[in-house]
Amino acid sequence: MTFTAGVKKGVLEVQEYFRLLGQIVRGLTSRPIYFRDIIEQFDAIGIGSMTVVLLTGTFTGMVLALQSGVTLDQFGARSMVGRLVSATMVKELGPVLTALMVTGRVGSGIAAELGSMMVTEQISALRALGTDPVRKLVVPRVLAGIVMVPILTVIANGVGMVGAWIITVTQLGVSGGVFWNSVVQGLYIQDVWMGLIKPFFLGFVIVTIGCHVGLRTSGGTQGVGRATTNAVVAGSVTVLAVDFLLTKLILTLLY
Amino acid sequence: MATHDPDAPVIRFVGVSLAFDDKVILDRVSFELLPGRAKVILGGSGVGKSTVLRLVLGLLKPDSGEIHINGERVDQLSEEALMPVRDRLGMVFQEGALFDSLTVRENVGYKLFEGTSMPIPEVDARVMEVLGFVGLDEFVARMPSELSGGQRRRVAIARALTAKPQILLYDEPTTGLDPITALTIDDEIIKLRDLEEVSTLIVTHQLRDAFYIASHMAVREQGALRFVPASPEKMAETEFLMLKDSKVLFEGTLPELRASTDPYVKAFLE
Ligand SMILES: Nc1ncnc2c1ncn2[C@@H]1O[C@H](COP(=O)(O)OP(=O)(O)OP(=O)(O)O)[C@@H](O)[C@H]1O
Ligand SMILES: [Mg+2]
């Protein structure tokens, strides 16, 4: 592929993505709305991602406590470990790691599912039977993404803090009271906002990219494989980029 | 729409052209399908037969030309405006395209469950009725993954029939089926054409089935359904359309097709 052809393809891809976003907005604001599919997706995306988020959150909290302990010892400030852990977890690692795990699990799943529906003409069949695939398939997933990813993030933060508490008490020899006091001191209301705004947008980005890639799948089974990979790669990179932009924006606006 | 003449074509292509990137698939293709008639689209693999059906459904838009359904021009309609047009069309996709997350019952009843406020027991009765047509009533609770290829195809036909469409589009309905099963599907197509006045567009490679459909008709005698050799007038109601190199190479009835002197048509028939 020549350079210009590559640019053209990229521009087309972005254009199609924004067209999908327009259709999603229309699907969210007018009937028909498929409530049963929405409930199903809340379950599939939210409950289905619970295990992986619990594990990631716990281990992240534990390792943060260990690392912070080492760093803080250099300043003789081991008792402040809770502060470091809570600030890092709530503002950055909770949202980003949850989003990355959801990208791996949900973004890829959506791309594979919609992609195989695309190559087996099920999407065409939906349209032929009078159903708009965006309303039926995309809108429920987007709703589930923007509601469940923030909730999953809060859960990840919670178990992360518990993991950090266990490590702090058992490995660092800091008392539980001191740890939790320090956790609370480390958190400002803006941090909490940042920790909730980010996953809302990240959830949106992950799901819409998964849907976009899935609905543009062509080329049979191989195409589905490619779509799945693309959804994870594009999703992960975009999560990190959007996280950076949101951080910059929120720091400017709220702090 | 309201002033649509009942004898006017239900499907009309006027100089329809379509290219994917630089590859011309259809070049100024024109044809008509009259109400209650059947048209069999023949042609080599990849010539654009399925594409014609996708154009009828509005799943693809032509680059130029006009497509009319029931006298209404549809090739420029938005997706939303197309939905009422699609209500009158039933499509059997090449590989069935059953929703694999739904049971046979949910697949077959899909349009009535989602698109109408018909009470559930009535939908279920209709589902059992159309599954009965294709001889699969005992499979109603299965998932599509638990069906054989031929059974999936028959479920797809049942799904297309559920909402009683006025026009049926079949994409290779008998390909890959054993001759006996294929024949039951052919009979179903004939029955719908002759007894329900369904206008039919069939894409197929299976000449045997195409010829059978053109040369037989369904009659009801004292309540019993029989398939008998078609009268010459009846035979003239099913036409053949052969595509080659993105153009219409031949259009005519079965006797005309058999009498064609075109070397490609001749080769195709052998
Ligand atoms: N979305 C697409 N993008 C690019 N090319 C396409 C697309 N869909 C179909 N084609 C090409 O258009 C041509 C016609 O496709 P179509 O599916 O209509 O063929 P067909 O006559 O139904 O063939 P078959 O008998 O094998 O089913 C093929 O050469 C195919 O490669
Ligand atoms: Mg085809």
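Just so it is clear: chains get the letters A, B, ... in the order the sequence lines come, proteins before strands, and each one is counted from 1.
Within a 6.0 Å radius of CD in A/Q222, no more than 12 heavy atoms belonging to other residues, nucleotides or ligands are found. Summarising the local packing, CZ of A/F59 is surrounded by 12 or fewer heavy atoms from other residues, nucleotides or ligands at distances under 6.0 Å. Within 6.0 Å of the NZ atom in B/K61, the count of heavy atoms belonging to other residues, nucleotides or ligands exceeds 12. Other residues, nucleotides and ligands place more than 12 heavy atoms under 6.0 Å from the CZ atom of A/F42.
When heavy atoms are compared at a cutoff of 4.5 Å, B/L98 approaches chain A solely by way of its backbone atoms N, CA, C and O. Contacts of A/L126 with chain B are made by both backbone and side-chain atoms, with heavy-atom separations under 4.5 Å. For chain A, the nearby part of B/Y110 is the side chain; its heavy atoms alone come within less than 4.5 Å. Contacts of B/L59 with chain A are made by both backbone and side-chain atoms, with heavy-atom separations under 4.5 Å.
B/R86 contributes a side-chain N or O that, together with a main-chain N or O of A/R127, makes up a donor-acceptor pair within less than 3.5 Å.
Considering only heavy atoms from C-beta on, A/L129 comes within 4.5 Å of B/R159 through its side chain. Using a 4.5 Å cut-off on side-chain heavy atoms (C-beta onward), B/F99 and A/T120 make no contact.
Of all non-hydrogen atoms in A/E121 and B/A97, the two that sit nearest each other are O-CB, 3.6 Å. Considering all non-hydrogen atoms of both residues, B/D100 and A/Q122 come closest at OD2-NE2, 3.0 Å.
Remark: B/L60 CG to A/S124 OG distance equals 8.0 Å, nearest 0.5 Å.
Note on B/E95, B/M91, B/E114: by heavy-atom pairs under 4.5 Å with chain A, the leading option is B/E114.
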### Task
Determine, step by step, whether A/R26 and B/E80 satisfy the side chain to side chain contact (heavy atoms under 4.5 Å, CB included) criterion, reporting the C-alpha distance in whole Å, the side-chain angles of both residues, the deciding distance to 0.1 Å, and the verdict.
CA-CA 12 Å; A/R26 280 222 336 237; B/E80 225 165 310; 3.0 Å; yes
